Enquirer: 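Could you have a look at this structure, given as structure tokens, before my questions?
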Amino acid sequence: MAELKLLLEELKPHQEKLANHPIYKSLTSIDDVKLFMENHVFAVWDFMSLLKALQLKLTSVCVPWLPPLAPSTSRLINEIVLGEESDLNDQGIPKSHFEMYLDAMKEVGACTHQIELFIMKIQSGNNINEAIQNIEIAEETKSFVKKTFNVIHSNKAHLIAASFTFGREDVIPEMFLALLNN
């Protein structure tokens, strides 16, 4: 428990820096928000990939089925997957949070073509680096996705969990609050 407390203290300045990032103040028009969403959707997508990597590592998703090694952890991960992958939208229709984000993008008039093209390339058998190579998004967005997949491909549950928890789950609510405040 002491190590976790120390880690949280070490992360605090980085999380505060992220919460006060200048990007939030730069979003002053609907066009700015659209551009932000057109890049941020890739982070929404790769968040789901981190979650699925955790599900593969920490629950039982094999055939034949075997009991999970840590049932409490398995339950936690599966509860998160349930909410993220099949939540109910405002009309009571099951959708992933990624699909809801795409709906929100369409509602504000943001372009979903690049993320849809990216998904199609993956569905066609391209690996992440091949799929993202010719997508017209910021290089920083491409780099972010590649770094996420370097963590996933490390196959180390503790790194994947740290990226998911401290790099996403803890900071996303603060990010949206900062966006709303500005």
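Everything numeric here is computed off the predicted structure, so don't read it as measured data.
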Enquirer: Of all residues at least two apart in sequence or in a different chain, which pass the side-chain contact (heavy atoms from CB on, under 4.5 Å) check with Gln91?
Expert: Asn89, Ile93
Enquirer: If I compare all heavy atoms of Asn39 with all of Ala138, which pair ends up nearest, and what's the gap?
Expert: OD1-N, 3.2 Å
Enquirer: In terms of hydrophobic clusters joined by side-chain contacts under 4.5 Å, are Leu76 and Leu54 together?
Expert: yes
Enquirer: May I have the list of side-chain donor-acceptor pairs in residues 114-122 shorter than 3.5 Å, sequence neighbours left out?
Expert:
{"from": "Gln114", "atom 1": "OE1", "to": "Glu136", "atom 2": "N", "distance (Å)": "2.8"}
{"from": "Glu116", "atom 1": "OE1", "to": "Thr112", "atom 2": "OG1", "distance (Å)": "3.3"}
{"from": "Glu116", "atom 1": "OE2", "to": "Thr112", "atom 2": "OG1", "distance (Å)": "3.1"}

Enquirer: Which pairs pass ring-ring contact (aromatic ring centres under 6.0 Å, His included) with one or both residues in residues 78-97, sequence neighbours excluded?
Expert: none
Enquirer: Roughly how far apart are Asp87 CG and Leu82 CG, rounded to 0.5 Å?
Expert: 8.0 Å
Enquirer: By salt bridge (charged side-chain N to carboxylate O under 4.0 Å, His left out), which residues pair with Glu139, not counting sequence neighbours?
Expert: Lys142
Enquirer: Just so I know, are the side chains of Glu84 and Phe98 near enough to count as touching, which here means a heavy-atom distance under 4.5 Å?
Expert: no
Enquirer: Which residues satisfy the side chain to side chain donor-acceptor pair (under 3.5 Å) test with Ser72, sequence neighbours excluded?
Expert: none
Enquirer: Which residues pass the side-chain contact (heavy atoms from CB on, under 4.5 Å) test with Ser49, sequence neighbours left out?
Expert: Trp45, Phe149, Ile152
Enquirer: Only counting residues at least two apart or in another chain, list the ones meeting side chain to side chain donor-acceptor pair (under 3.5 Å) with Glu99.
Expert: Ser96
Enquirer: Taking all atoms of both residues into account, what is the closest heavy-atom pair of Ser26 and Asp32, and its distance?
Expert: O-OD2, 3.1 Å
Enquirer: What about Phe164 and Leu56, same hydrophobic cluster or not, with Ile/Leu/Val/Met/Phe/Trp/Tyr joined at side-chain heavy-atom distances under 4.5 Å?
Expert: no
Enquirer: Answer yes or no: is there a donor N or O on one side and an acceptor on the other, between the side chain of Ser60 and the main chain of Leu66, under 3.5 Å?
Expert: yes
Enquirer: Return the set of residues passing salt bridge (charged side-chain N to carboxylate O under 4.0 Å, His left out) with Lys95 (not counting sequence neighbours), or none when no residue passes.
Expert: Asp103
Enquirer: To the nearest 0.5 angstrom, please state how far the CG atom of Asn127 sits from the CD1 atom of Ile132.
Expert: 11.0 Å
Enquirer: With sequence neighbours excluded, what pairs up with Glu85 under the side-chain contact (heavy atoms from CB on, under 4.5 Å) test?
Expert: Met48, Lys52, Val81
Enquirer: Applying side-chain contact (heavy atoms from CB on, under 4.5 Å), name anything that partners Thr73, two or more places apart in sequence or on another chain.
Expert: Leu58, Ala70, Ile77
Enquirer: Considering only residues two or more places apart or on different chains, which pairs with a residue in residues 54-92 satisfy ring-ring contact (aromatic ring centres under 6.0 Å, His included)?
Expert: none
Enquirer: Would you kindly confirm whether Val44 and Leu27 end up in one hydrophobic cluster when ILVMFWY residues are joined by side chain heavy atoms under 4.5 Å apart?
Expert: yes
Enquirer: Donor-acceptor check, side chain of Ser154 to backbone of Val151, threshold 3.5 angstrom: yes or no?
Expert: yes
Enquirer: If you link I, L, V, M, F, W and Y whenever their side-chain heavy atoms are under 4.5 Å apart, who else ends up in the same group as Met100?
Expert: none
Enquirer: Do any N or O atoms from the side chain of Thr141 and from the backbone of Ile137 form a donor-acceptor pair under 3.5 angstrom?
Expert: no
